[in-house]
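See structure below.
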Amino acid sequence: MAEAGFAPKLLYYGKIGVGTEEMPWYGDLQMVVMEYVDGMTVHRAPQLPSNFCKELTKAIEYCHRKGFVFGDLRKPNVMITQDDKVQLIDFDWAGCEGKVTYPVFISPDIVWPKGVQGLEPILQQHDREMIRFMCPREVKATVEEAAKDNAAREKQSASPEEHEQSTMQVKNTIRDSDDEITKKRKIAEHAENEEEAMEETH
């Protein structure tokens, strides 16, 4: 991920401590040290770059091509650098697809894709669904384009009645997609605002 520019460079992974009498190892605890990212999380960014969703999709697709899943794809775990690059952070849940699972406890206040449960496998489809939550406008545009393309192909061989019915189906598809995405976005934003308030309180 780091070599492709989609994550900070890994500087250290191993035991905590230096192994001396003054500073012994901390048992089996291990730590990860990554390169500092000069930027801010998507959750705190006042404005996202125009290519954000495209670059986020590229990052996840790169991860998937390597056989991995990210799992916890949320606004606090995605950063925007000073030069508008997208980088993923917090790889606690990430791992090889088919082997890695969700932790025992998953916050019920966060909107998760269908099928996400404690100790269940983390799937690539879950990552893609989380992108939908973070990029509702782009997803809506994709649905509109696909629906209109299908309607155009059907129009070539359809009767006037069939064409009218197809047009109504396109409008219903766009409306349903818009309503569902808006609903999920509002729920997710509400949960994230509560999470941020709790962090500031502590």
Find out if a path of hydrophobic residues (ILVMFWY) with successive side-chain heavy-atom gaps under 4.5 Å connects [X] to [Y].
| X | Y | answer |
| --- | --- | --- |
| Val116 | Leu123 | no |
| Val100 | Val32 | yes |
| Leu29 | Leu11 | yes |
| Val78 | Val37 | no |
| Met79 | Val86 | no |

Inset, instruction - Walk me through it: do Phe6 and Lys85 pass the test side-chain contact (heavy atoms from CB on, under 4.5 Å)? - result: CA-CA 8 Å; Phe6 296 130; Lys85 291 183 179 179; over 6 Å; no

Please report the closest heavy-atom contact between [X] and [Y], naming both atoms and the distance.
| X | Y | value |
| --- | --- | --- |
| Phe52 | Cys135 | CE2-SG, 4.1 Å |
| Phe91 | Ala7 | CZ-CB, 3.7 Å |
| Asp84 | Asn51 | O-OD1, 4.3 Å |
| Leu88 | Pro8 | O-CD, 3.3 Å |
| Phe133 | Pro113 | CE1-N, 4.2 Å |
| Met134 | Val42 | CE-CG1, 4.5 Å |

Legend entry - salt_bridge(Lys58, Glu61) N-O dist < 4.0 Å: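 Here Lys58 does not pair with Glu61 in a salt bridge, since their nearest N and O are not under 4.0 Å apart.
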
Inset, instruction - State whether the side chain of Asp90 and the backbone N or O of Asn77 hold a donor-acceptor pair below 3.5 Å, judged by distance alone. - result: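 Not confirmed, Asp90 side chain does not pair with Asn77 backbone.
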
Legend entry - Under 3.5 Å: donor-acceptor pair, side chain of Glu97, backbone of Gln124: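 The answer is yes, because a donor-acceptor pair under 3.5 Å joins these two groups.
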
Could you grab the distance from atom [atom1] of [X] to atom [atom2] of [Y], nearest 0.5 Å is fine?
| X | Y | atom1 | atom2 | result |
| --- | --- | --- | --- | --- |
| Lys99 | Phe68 | NZ | CZ | 9.5 Å |
| Met31 | Lys15 | CE | NZ | 14.0 Å |
| Ile80 | Leu48 | CD1 | CG | 5.5 Å |
| Ser50 | Glu55 | OG | CD | 9.5 Å |
| Ile110 | Arg74 | CD1 | CZ | 4.0 Å |
| Ile60 | Leu73 | CD1 | CG | 4.5 Å |

Inset, instruction - Give a yes or no on this: more than 12 heavy atoms of other residues, nucleotides or ligands lie within 6.0 Å of atom OH of Tyr13. - result: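 At most 12 heavy atoms, drawn from other residues, nucleotides or ligands, come within 6.0 Å of this atom.
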
Legend entry - Crowding at CG, Asp83 (>12 non-hydrogen neighbours, <6.0 Å):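 Yes.
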
Do [X] and [Y] have side-chain heavy atoms sitting under 4.5 Å apart?
| X | Y | answer |
| --- | --- | --- |
| Met40 | Pro46 | yes |
| Tyr102 | His126 | yes |
| Trp112 | Met130 | yes |

Inset, instruction - Please step through side-chain contact (heavy atoms from CB on, under 4.5 Å) for the pair Asp72 and Asp92, ending with a clear verdict. - result: CA-CA 8 Å; Asp72 196 12; Asp92 286 1; over 6 Å; no

